[in-house]
Structures are given as structure tokens and as C-alpha cells.
Visitor: 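Structure provided below as C-alpha cells; questions to follow.
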Amino acid sequence: MSKKVLVFAETKDGKLRNISFEAITVGQGLSEGGEVIVSLFGPEASQYVQEVSEYGANKVYLLEDESLSTFTTDAYTQALCQLIEEVQADVILMGHTAIGKDVAPRAAARLGLGLASDCTGAELENGNIIFTRPIYAGKAFQKKVFNKGKVFATLRPNNFDIQKNPNESEVVSFQPVIKDIRTIVKEIVRKTAGGVDLSEAKVIISGGRGVKNKDGFKPLQELAEVLGGAVGASRGACDADYCDYSLQIGQTGKVVTPDLYIACGISGAIQHLAGMSNSKVIVAINKDPEAPIFQVADYGIVGDLFEVVPLLTEEFKKA
Ligand code: FAD
């Protein structure tokens with residue numbers, strides 16, 4: 001039976017986030033020939049219409065209310081709930097991002113819907129929707145089967161293929177009724193300047209306590225620049241004040257799934273693995289051949305990161 005899929009397209013710094021395109025492609029797979037409806041929030045929403053159409057949106061809903069110009073939990077949750085009811089969506093997809101993690105459970109609870117969060121897989125089987133999601137900090141995967149009713153899911157970024165499927169999208173303007181907002185955004189303070197977004201980076205060079213101090217991150221930054229990647233960190237490095245907590249990867253940090261993860265001077269504690277063990281290729285550089293990180297690594301280099309990382313940078317520069 002064909003389904004109406006509503007995708008919440010997320011933007012950051014004036015650009016659509018990659019997860020928006022991943023969600024549109026997933027939506028097409030789940031719709032069984034039904035509609036993929038994409039929502040765009042904020043006064044600038046119309047500038048993204050063409051791009052989401054290229055990826056296969058059948059309809060685009062613009063919610064251009066001024067109160068949606070910056071993210072607030074109250075405004076976004078109210079707007080999304082009203083939109084879900086307006087379009088009568090069968091499946092609602094958001095990224096498992098800071099916004100998705102905040103809004104999806106609230107909206108699902110308000111509308112009495114089930115929620116599959118942090119999904120790493122989504123497929124259709126005999127009309128049932130099956131979402132795969134990690135449990136026990138990524139040690140096991142669970143399949144959640146939905147065979148009736150509306151379904152709400154957040155998708156882990158960098159896990160799904162993106163396919164272009166150009167469409168002539170119908171554009172609809174929707175005005176939600178937003179009231180009683182309890183928070184006001186006064187200022188946005190950026191902890192990291194520019195660079196590649198860690199949660200969507202294809203390459204991550206991560207440093208642990210083995211980098212020794214703040215300056216120890218410099219060789220990692222140089223390698224990241226050469227590979228067009230981002231720098232991440234273990235909590236050990238953050239706790240030691242070698243870098244900012246915004247770089248922390250793991251159970252209580254960011255969950256990442258890049259194509260290439262290079263762990264430098266990271267022991268591989270279970271809490272760190274929870275945030276990166278689904279990376280496609282893992283390279284570990286560690287002085288200790290017994291370090292647990294080698295158990296999840298595809299390639300292991302036993303050595304001093306201060307010798308190995310600059311050598312890698314030099315070699316990649318030549319490539
Ligand atoms: P260490 O365990 O100290 O490892 C440093 C490694 O560097 C060692 O293996 C050493 O051999 C190697 N090394 C040293 N010098 C060099 C060198 N010159 N060259 C190469 N290798 C070198 N941790 C996270 O990362 N993310 C989380 O989200 C997280 N959440 C947590 C939540 C809870 C509730 C708890 C209790 C802990 C959490 N932790 C988390 C902490 C985690 O348990 C570890 O303490 C932490 O990951 C260790 O960081 P590390 O690997 O950098 O440091």
C-alpha cells in the first residue's frame with residue numbers, strides 16, 4: 001500500500017544538511033510509490049526548494065514563520081506536529097541530529113506515535129517497515145517491525161545512500177499556529193570555527209589522551225586538512241582539556257559513521273567505541289599493541305602517533 005512519507009529537511013549555516021538527502025532517498029524506498037513530502041522551516045525556506053526537488057521530493061511544504069528562523073524546541077515541535085496532522089503522513093523521517101533528538105520524541109509523544117530512533121537501516125518487507133537500530137551502546141542491533149499505523153523515525157547521519165531523482169515538486173505554503181514559546185535564542189556561540197561538520201564528515205582523525213596536550217592535535221589537524229576531514233576526540237582528551245567537548249565522540253558525545261576513522265592515541269574504551277565502531281574503515285595508531293582499539297580496527301599501526309601521523313600526511317599530500 002502506498003504511503004505518504006514526510007521528511008524534515010534540516011539546514012545548517014545556509015545549507016541543507018546531507019542527512020536531508022539521505023532521508024529523502026530512504027523515504028522514496030519506503031513510500032511504495034506514494035508521496036515524499038519535504039518540509040522546510042524558516043523564512044529562508046524557499047531557497048532550498050530546487051535542491052530537495054532534485055533529490056526526489058514530490059511536494060515541498062514551506063513553513064516560513066519568523067518564529068522558525070532559529071531552532072527552538074517549542075516552535076519546531078508545535079510546527080512539526082501540526083504539519084504531520086495537516087499532510088496525514090504515514091511515515092515521518094528526521095535526522096538523528098541535535099534537532100532530531102530533541103524534537104522527534106516530543107512530537108511522537110504528543111501525537112501518540114511510536115518512535116524508532118537512531119536508525120542505521122530502513123527497509124520494506126511484505127508491506128512492513130523494518131528499521132534497524134543499535135542497542136547496548138552499539139554492541140547489538142535490533143530490528144523494529146512496523147506493520148500498521150503511523151511511524152516516526154530518526155536516521156543516523158552518513159548511513160544511507162543518496163540518490164538523485166529530479167522531480168517537479170508542488171510547493172505548498174503552510175502557516176502553523178505557534179504560541180507559548182518558552183525560550184528565546186539571543187546569541188549563537190560557535191565553539192569550532194568553520195571546517196567540516198563532525199557528524200557528517202567522511203573522514204575523521206581523532207585524538208585521545210595519547211596526543212599529550214593541545215599542541216598534540218596539530219599533526220592531526222594537518223592530516224585532516226589534507227584528507228578534507230574533521231578532527232574528533234576521545235573523552236579522555238576532552239577531560240584533559242586538550243580540546244573542546246564539541247569534538248567528543250562516543251556514548252556521551254557524537255555518534256559518527258565516516259568512511260574513514262583514524263584513531264590516534266585512543267585506547268578504545270567501550271564508551272568511545274559506541275560512537276565510532278560503525279565507521280566503514282577504522283585505522284588505529286597506538287604505541288600499545290594490546291590496546292583494545294585494535295580489536296575493532298581494520299588496519300592497526302603500532303607506533304608513536306607523532307611519527308606516524310606526519311608520515312601519513314606527507315604520503316597523502318603526494319597522492
Ligand atoms: P586512554 O585510555 O588513557 O588511552 C590513551 C592511549 O594512547 C593509550 O592506549 C596509549 O597506549 C596511547 N598512547 C599514548 N601515547 C601515545 C603515542 N605517542 N602514540 C600512540 N599512542 C599513544 N570516552 C569517550 O571517548 N567518549 C565518550 O562518549 C565517553 N563516554 C563515557 C561515559 C561514561 C558514563 C563513562 C564512565 C566514561 C566515558 N568515556 C567516554 C571515557 C572512557 O571510559 C575512557 O576513559 C576514554 O575513552 C579514554 O580516552 P583515551 O582513549 O583518549 O585515553
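Each ligand, and each atom within it, is numbered from 1 in the order the structure gives. By convention here, the first residue in the shown sequence is residue 1.
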Visitor: Go through the structure and list residues passing side-chain hydrogen bond (donor to acceptor under 3.5 Å, both in side chains) with T77, not counting sequence neighbours.
Guide: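 Per chain and number, T77 pairs via side-chain hydrogen bond (donor to acceptor under 3.5 Å, both in side chains) with no residue.
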Visitor: Please could you name the atoms of ligand 1 that K212 approaches to less than 4.0 Å, counting only its heavy atoms?
Guide: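 Counting from 1, the qualifying ligand atoms are 14 (C), 15 (N), 16 (C), 18 (N).
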Visitor: Can you sort out which atoms of ligand 1 are near G265, meaning under 4.0 Å from one of its heavy atoms?
Guide: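 Close to G265: 5 (C), 6 (C), 7 (O), 12 (C), 21 (N), 22 (C), 52 (O).
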Visitor: Any nitrogen or oxygen of L305, main chain or side chain, under 3.5 Å from a nitrogen or oxygen of ligand 1?
Guide: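 It does: an N or O of L305 is found under 3.5 Å from an N or O of ligand 1.
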Visitor: Any atom of ligand 1 sitting under 4.0 Å from a heavy atom of G303?
Guide: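 Within the 4.0 Å threshold, so yes.
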Visitor: Consider side-chain contact (heavy atoms from CB on, under 4.5 Å). Of I249, V231, L260, which one does I204 pass it with?
Guide: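 Result: among I249, V231, L260, I249 is the only option passing the side-chain contact (heavy atoms from CB on, under 4.5 Å) with I204.
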Visitor: Which of the numbered atoms in ligand 1 are under 4.0 angstrom from any heavy atom belonging to G253?
Guide: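 Selected atoms, number and element: 28 (O).
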Visitor: Give the atoms of ligand 1, by number and element, whose distance to some non-hydrogen atom of T252 is under 4.0 Å.
Guide: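 Per the distance check, 27 (C), 28 (O), 29 (C), 30 (N), 31 (C), 32 (C).
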Visitor: Tell me, please, which residues at least two apart from F8 pass ring-ring contact (aromatic ring centres under 6.0 Å, His included).
Guide: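 With neighbours one apart ignored, the set is F41.
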Visitor: Just jot down the ligand 1 atoms closer than 4.0 angstrom to any heavy atom of G208, in number order.
Guide: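 Checking each atom against G208, I get 52 (O).
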Visitor: Under 3.5 Å, side chain of E22 to main-chain N/O of F160, donor-acceptor pair present?
Guide: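 Present.
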Visitor: Got a salt bridge between D90 and K4, using NZ or NE/NH1/NH2 to carboxylate O under 4.0 Å?
Guide: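 A salt bridge is absent here (no side-chain N lies under 4.0 Å from a carboxylate O).
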Visitor: Output the list of atoms in ligand 1 that are nearer than 4.0 Å to some heavy atom of Q251, sorted by atom number.
Guide: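 What qualifies from ligand 1 is 27 (C), 28 (O).
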Visitor: At under 4.0 Å between heavy atoms, which part of A269 makes contact with ligand 1: side chain, backbone, both or neither?
Guide: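 It is the side chain that gets close, since no backbone atom is under 4.0 Å.
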Visitor: State plainly whether the residues R156 and D118 are in salt-bridge range, i.e. N to O under 4.0 Å.
Guide: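 Answer for the salt bridge query: yes.
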Visitor: Using a 4.0 Å cutoff against the non-hydrogen atoms of I249, which atoms of ligand 1 qualify?
Guide: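 So the answer, numbered in order with elements, is 24 (C), 25 (O), 26 (N), 27 (C), 28 (O).
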Visitor: Among T313, L305, I262, find the one that has a side-chain contact (heavy atoms from CB on, under 4.5 Å) with L220.
Guide: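 Only one option passes, and that is L305.
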